[in-house]
Protein chains: 2
Amino acid sequence: MNEAHTPAIDALALGGRIVPGDLPCLLCQARSSAVCSVLGEERIACLNDFVVRRRIDAGGRLFDEGDPAAHYFVVTEGAMMAFKEAHDGRRQITGFLYAGDMLGLNHHQRYVYSAEALNDAVVCQYEIADLRELFRAYPEVEHWLLRHCSDELASAHDQMFLLGRKNAMEKIATFLWFQVHRTRLRSRNLTLLDLPMTRRDIADYLGLTVETVSRTITRMRLAGTIGTIGKHGIDILDIEDLRQRAGGGRALRPATARRV
Amino acid sequence: MNEAHTPAIDALALGGRIVPGDLPCLLCQARSSAVCSVLGEERIACLNDFVVRRRIDAGGRLFDEGDPAAHYFVVTEGAMMAFKEAHDGRRQITGFLYAGDMLGLNHHQRYVYSAEALNDAVVCQYEIADLRELFRAYPEVEHWLLRHCSDELASAHDQMFLLGRKNAMEKIATFLWFQVHRTRLRSRNLTLLDLPMTRRDIADYLGLTVETVSRTITRMRLAGTIGTIGKHGIDILDIEDLRQRAGGGRALRPATARRV
DNA sequence: CGAACGCTTGAATCCAGTCAACCCCCGTGG
DNA sequence: CCACGGGGGTTGACTGGATTCAAGCGTTCG
């Protein structure tokens, strides 16, 4: 069971549902950043008993706010978003989630937000009921969750400052600034962002309307700060100007912000 | 030492800093709702080795965003607030905290927000370095923290919806609605709120200006929804109307929202 | 007593929202 | 093959809700 020579195909062919063996976990995009990163190579196989992989098509719902909360998820491929919706259609996206990010953790009976895929995505699904057992067997899993949860809380506070106190230009610039850091464009000496979300998604994330997002991006393009390529491409032409527009120093801490 | 007949004064008079004995912990306002609630009466004494009590005068700072994070705090008396401030004076209050709420938990080197007392307050102070030891000795402490942290995250998401998508009237009404539930006015058949914060604090919590807060409260008074008594008193005259103004059903879940 | 602060109110301003038109792209189906 | 429809995006004109600026009131405090 702990031998790593089992071919991936063996694990994947076990039945109707796709169960990851050692290899899928070892090769997983989220391996270095998700919960399972606390388990060494020799213990990663133990997840077989806990985890199911699920594929969600672009635009598909993973769960709805108010649904009975039976699972905890980790995004392993693609991008998802978490959001709240009111009766009248108003929507607030609370986070965009990428490989390694988690979804659905809470200690209530029901999910407190909805989750949808931005593009074709894959998630690891844990039974909430199994988590307690997992915590007992591997306390470092719980350490990791606590750490990650407090990180998300810190990001949420940054977002609250943005929503409550920044104007449209600062909001868009901050958003792009975090995207640049999330994708490590700078360290890779690249300038091209490929955003998986629509203008409407950006608006609903920043507390704006589509029109304002569009106008603001146009203003930044005319000013030479960025270039636009198609619907999803953003070329960062003047990163320092972007930083200035985002609001400069405080309340702009990409190092600690995991969720953008 | 475990004998409960020791007068509180003995424990409090031990020296320059105030060290709680069993009795202060047992009589603590936060006893039933804070981290220490997971420790039974027989084990509460063990906190002596970990905890120091600190008093903060109204308006006093507990710590600043960016300060080296050495402590974790639990509010035991009074009210505090957590906030972020920009160079230009813009401020976003991220939470008001009362007996049982926690402050300063994070896994970075520095505090990610500032904390200030709204009125004379008392906090329990834990060394961050001691927390790991505490987790090992009492895993339920870590369970509690994770649970509480995910609750705070849920509240933060509600607040993000409020900041990004609600108008002034809905913001104020939601704020008062949560205050009503926090103080359990309804179950006690009372209608009088005594808010510890100023209009400016409310404005900085809701992403508004003082003037808008004042005007909106006036409008609710003229409409007969509430009455105002002095600077801090609010009389809830029509709770159903308040609920309607707050936005009705979704995104209004006082049961799970601990921080308002 | 005067200064400071918190709160309220009024008038004017402005930033973002609303409403509407139009473009482009893409998938669909005649 | 092309006509069509729909969705996403952009732009313009106008509106409006919240901010800004300013003044005044009551209370507190040195």
Side-chain angles (χ1 to χ4, degrees), chain A residues 57-59 81 86 88-93 116 118-119 162-175 193-223 226-234 245 247, chain B residues 57-59 81 86 88-93 116 118-119 162-175 193-223 226-234 245 247:
Chain A
D57 295 333
M81 62 178 173
D88 55 15
R90 281 183 289 185
R91 186 177 69 153
Q92 178 67 44
I93 296 178
E116 206 173 287
L118 288 172
N119 45 33
L162 177 143
L163 290 168
R165 289 297 179 222
K166 289 192 173 182
N167 62 30
M169 180 59 81
E170 290 171 324
K171 284 177 174 180
I172 299 282
T174 305
F175 172 72
L193 277 178
D194 184 36
L195 303 177
M197 67 291 286
T198 66
R199 297 282 190 266
R200 173 160 298 281
D201 293 336
I202 297 174
D204 285 348
Y205 180 61
L206 300 177
L208 299 170
T209 59
V210 224
E211 293 93 330
T212 301
V213 169
S214 185
R215 269 187 261 270
T216 307
I217 286 179
T218 300
R219 281 213 287 145
M220 289 182 79
R221 179 162 44 73
L222 296 177
I226 60 171
T228 55
I229 298 103
K231 289 183 179 178
H232 295 286
I234 299 277
R245 287 175 188 271
Chain B
D57 295 334
M81 61 177 172
D88 55 15
R90 281 183 290 184
R91 186 178 68 153
Q92 177 67 43
I93 295 178
E116 206 173 286
L118 288 172
N119 45 33
L162 177 143
L163 290 169
R165 289 296 178 224
K166 289 192 173 182
N167 63 30
M169 181 59 82
E170 291 171 324
K171 285 177 174 179
I172 299 282
T174 305
F175 172 72
L193 278 177
D194 184 36
L195 303 176
M197 68 290 287
T198 66
R199 297 282 190 267
R200 172 161 299 281
D201 293 335
I202 297 173
D204 285 347
Y205 180 62
L206 300 176
L208 299 170
T209 59
V210 222
E211 294 93 331
T212 302
V213 170
S214 184
R215 269 187 261 271
T216 307
I217 287 179
T218 299
R219 281 212 287 144
M220 290 182 78
R221 179 161 45 73
L222 296 177
I226 60 171
T228 55
I229 298 102
K231 290 184 179 177
H232 295 285
I234 299 275
R245 287 175 188 272

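A quick note: this is a predicted structure, and the numbers were derived from the prediction, not measured. Each chain gets a letter, A, B and so on, in the order its sequence line appears, and its residues count up from 1.
One can place CG of A/D204 at 12 Å from P of D/dG8, the figure rounded to the nearest angstrom. Residue B/L163 contributes atom CG, which lies 14 Å from atom P of D/dA18 at whole-angstrom precision. One interatomic measurement links the two molecules: CZ of B/R199 to C1' of C/dT9, which rounds to 14 Å at whole-angstrom precision. Between the C1' atom of C/dT18 and the CG atom of B/N167 lies a distance of 15 Å, rounded to the nearest Å. Remark: C1' of D/dT11 and CZ of A/R219 are 14 Å apart, rounded to the nearest angstrom. Rounded to an integer number of Å, the gap from B/I172 CD1 to D/dA18 C1' is 12 Å. In this structure, A/K231 atom NZ and C/dC26 atom C1' are separated by 8 Å, rounded to whole Å. Rounded to an integer number of Å, the gap from CG of B/L206 to P of D/dG17 is 19 Å.
Residue B/T198 is in sugar-phosphate contact alone, with no base atom involved, counting any heavy-atom pair closer than 4.0 Å across all strands shown. Using a 4.0 Å heavy-atom criterion, one finds that A/I217 contacts no nucleic acid atom at all. Residue A/G230 is out of contact with every strand shown, counting any heavy-atom pair closer than 4.0 Å.
Atom CZ of A/R91 is surrounded by more than 12 heavy atoms from other residues, nucleotides or ligands within 6.0 Å. Atom CZ of A/R90 sits in a crowded spot, with more than 12 heavy atoms from other residues, nucleotides or ligands closer than 6.0 Å.
Listed candidates were D/dT10, D/dT19, C/dG17. Nearest to the side chain of A/L208 is C/dG17. When the nucleotides D/dT11, C/dT8, D/dT20 are ranked by their closest atom to the side chain of B/T209, D/dT20 comes out on top.
The base of C/dC19 lies close enough to the side chain of A/E211 for a donor and an acceptor atom to sit less than 3.5 Å apart.
Map A/H232 and A/R215 each onto its nearest nucleotide of DNA chain D; the residue landing nearer the 5' end is A/H232. In terms of position on DNA chain C, the residue among A/G207 and B/V210 whose nearest nucleotide sits closer to the 5' end is B/V210.
When side chains are defined from C-beta on, A/M169 counts as touching A/R219, because their heavy atoms get closer than 4.5 Å.
Smallest separation of non-hydrogen atoms from B/K171 and B/L206: NZ-O, 3.0 Å.
Listed pair A/S214 / D/dT10 meets the phosphate criterion, a side-chain N or O lying under 4.0 Å from OP1 or OP2. Phosphate contact (OP1/OP2 of D/dT19, side-chain N/O of B/T212, threshold under 4.0 Å): present.
A/R245 contributes atom CZ, which lies 5.5 Å from atom CE of A/M220 (distance to the nearest 0.5 angstrom).
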